[in-house]
Protein chains: 2
Amino acid sequence: MTNTGPSERVTIYDVAHAARVSTATASKALNDTGRVSLETRDRIKRVARELGFRPNALARSLTRKRSFSVGLLTNDTYGRFTLPLMAGISEGLIDHGVSVFLCAIGDNPDLARIHVNAMLDKQVDGIIATGKRIDKPLPVDLTRLSVPVVYALTAGPSNAVTLVSDDRQGATAAVNHLLAQGRRRIAHVTGPSDFQVVHERASAFAQALDEVGATTHARVLFGSWSEHWGHQAIEALWSGADKPDGIFCGNDQIARGVVDALRERGVSVPDDVSVVGFDNWEIVAKETRPPLTTVDMNLKELGRQAGLALLRLVNGEAVETGVWKLPCSLIVRSS
Amino acid sequence: MTNTGPSERVTIYDVAHAARVSTATASKALNDTGRVSLETRDRIKRVARELGFRPNALARSLTRKRSFSVGLLTNDTYGRFTLPLMAGISEGLIDHGVSVFLCAIGDNPDLARIHVNAMLDKQVDGIIATGKRIDKPLPVDLTRLSVPVVYALTAGPSNAVTLVSDDRQGATAAVNHLLAQGRRRIAHVTGPSDFQVVHERASAFAQALDEVGATTHARVLFGSWSEHWGHQAIEALWSGADKPDGIFCGNDQIARGVVDALRERGVSVPDDVSVVGFDNWEIVAKETRPPLTTVDMNLKELGRQAGLALLRLVNGEAVETGVWKLPCSLIVRSS
DNA sequence: ACAGCCTGAGAAATCGGTTTCTCAACGCGT
DNA sequence: ACGCGTTGAGAAACCGATTTCTCAGGCTGT
């Protein structure tokens, strides 16, 4: 029963011959197109199944002018954002028979160019550009391509579809959670002020406090995206009077630093101070003691939507351009 | 100067027509094959350049029976291993015009089957299977495929090429580093005992100590791959007499927990105790206080080699089967 | 001057499908 | 019995390359 030889692939000619019809009829039968009697259609399908026929996607793509593959460009080397996104894209597209070429281009424009050209040569139906931050574009111009492009978590031109998480809504949910815990002296320890998301989150933070009239104790501290900065911030906050009872952090690493620093000072989380992070990077959030309450950007869903949006563009369907903000979810743990 | 219309692609017919030759001659000229006069060859190449001709890879693949794309299968959802590997594979293959289909299959056999079929339909030249651990296979059988398969960081059949990091060598380097610091009472805090790498590292640990006759104080503690376990292990070690002055950890997360726990006990790292981790997961290792000395598995290089090995198999070249162990590097930081 | 070889180039087949066009056979209404 | 529309199926063109085969013309040797 061993499969001798390199198992020559079964072509549509083999199927047609075995079913005693022409390849034209075979093709029409297998694709449920054209005029073929039900009887013949079934017979051909049965024969195809028996022979284990699998159409050569390359040949099909050549005439259909659809390769059923798309390119995914990323400059995220750690994969912290890319892989969840990728998983979502892949999941959303595999149902439509679409596969994904992944290209990690870093910040190298030449490498990016090479990869984009390779993808275009392979006739990708479209491209998804992803990055780490929404206010910087990838190091390559994708606006003059002959295929549609969708941007996710990276800056795109205004006439394109760009998907991002709704950081404002996420931040609001985080602050409202702190308020619901009865916290009123809330600080925001966040990343570098040249990130657009930093401003969005900070502005939502301020507004949410404003709405309950709790602005008196509101403070925003800008720094870096590191645990180290979380420590420093606590040092600064605890060296003054009016210590906060709630801290909303710009990401989980900062939150991790904040929680660790508080513990080292003997401040109990969440009894004395409640802390909320951002990103739901499980490897950090779950290992923090106590596990971190944080905002999840639903990257997988964002990826799915990006994939489906690209598919609609490929099919020539109308798609609303501009920035799509997808909701974040608050993941409540013990902090 | 705007690009009106969907910019019809330039085909080899256009080039041939513009250069007043047949497509046969054009093809031969552009590929530096066949018999074409130098003069004609140059003219055709010039025309092709002027027209911006880029051959349709699909059409080319159809006759050449080489798609110049390979599939990458992974069950690693966080991308901690996959993305560096991917970057290496991609980097090694792009020079050869080969692109990579990435499929995240998790632990779902059906999904895996679907993706493998999609890749085969798209005529991938080969497949690279990657995972998180070398003693478990992916949830799909790749042994009866019509294309070559290379395994990286996952279990493969013995007659295939499997690339893994040389954990024994890496662990030896780690222990020797501790010994070079003058440490003699060394413990090994590592992951679950049902991981093969855990045994390899532990065995290398024991052997390295044996060679300098320092086995008296050698202890191996098995646990989980978490920071939490690092804390617990320190608690256990410090509750007895004969506390270690050097700790080799099974991964960076454990090491992170160990270092944090030591700091909380007022034990100085590295003055009182030296700690070495494993993985060089920078996001953990660099943020540990002090930054972690750790073993890097050189995953990018491993990926590059996996890609090149696959390419050789695709080209029908002889490749030594079995397990290839690639060296690890010790990254010395301050711990 | 003629057979034989080499060179450069094109015609045509091919890869594995899809799609358009054509056509024979059949049913139906009158 | 005749015209007409419908149906099922095949022949052939096509997608965009590569590759084999063929052949005219020039060169060489005797």
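Side chains included, hydrogens not; waters and symmetry mates left out as well; all remaining heavy atoms used. Below, chain A is the first sequence line, B the second, and so on; all start at residue 1.
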Side chains of Thr74(A) and Thr82(A): donor-acceptor distance under 3.5 Å anywhere?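 Per modelled atom types, Thr74(A) and Thr82(A) side chains form a pair under 3.5 Å.
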
Looking only at the side chains, is there a donor atom on one of Lys122(A) and Ser69(A) sitting less than 3.5 Å from an acceptor on the other?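 Looking only at side-chain atoms, Ser69(A) and Lys122(A) do not form any donor-acceptor pair under 3.5 Å.
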
Atom pair distance, as rounded to whole Å: [atom1] in [X] and [atom2] in [N]:
X	N	atom1	atom2	result
Ile44(B)	dA17(D)	CD1	P	14 Å
Leu38(A)	dG8(D)	CG	C1'	13 Å
Arg66(B)	dC15(C)	CZ	C1'	16 Å
Lys65(B)	dC15(C)	NZ	P	7 Å
Asp42(A)	dG8(D)	CG	C1'	15 Å
Arg35(A)	dT20(C)	CZ	C1'	13 Å
Phe53(B)	dA17(D)	CZ	C1'	8 Å
Asp121(A)	dG16(D)	CG	P	14 Å

Compare the minimum distances between each of dA17(D), dA12(D), dA9(C) and the side chain of Arg60(B), then state the nucleotide with the smallest one.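 Nearest to the side-chain atoms of Arg60(B), counting from C-beta on, is dA17(D).
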
What nucleotide among dA17(D), dG10(C), dT18(C) has an atom nearest to a side-chain atom of Ile12(A)?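 From the listed options, dT18(C) comes nearest.
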
Taking 4.0 Å as the cut-off, does a side-chain nitrogen or oxygen of [X] come that near to OP1 or OP2 on [N]?
X	N	value
Arg64(A)	dT18(C)	yes
Lys28(B)	dG10(C)	no
Ser27(B)	dT18(D)	yes
Thr63(A)	dT18(C)	no
Asn31(B)	dT18(D)	yes
Ser22(A)	dA9(D)	no

Do NZ/NE/NH1/NH2 and the carboxylate oxygens of [X] and [Y] come within less than 4.0 Å?
X	Y	value
Lys45(B)	Asp32(B)	yes
Glu50(B)	Arg46(B)	yes
Asp76(B)	Lys132(B)	no

What nucleic acid atoms does [X] come within less than 4.0 Å of, heavy atoms only: base, sugar-phosphate, or nothing?
X	result
Ser37(B)	sugar-phosphate
Arg20(B)	sugar-phosphate
Thr11(B)	sugar-phosphate
Thr40(B)	sugar-phosphate

Could you tell me which non-hydrogen atom of Ala48(A) sits nearest to which non-hydrogen atom of Leu30(A), and how far apart they are?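 Ala48(A) and Leu30(A) have their closest heavy atoms at CB-CD2, 3.8 Å.
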
How do Thr23(B) and Leu62(B) order along DNA chain C: which one's closest nucleotide is nearer the 5' end?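 Whichever sits nearer the 5' end wins; that is Thr23(B).
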
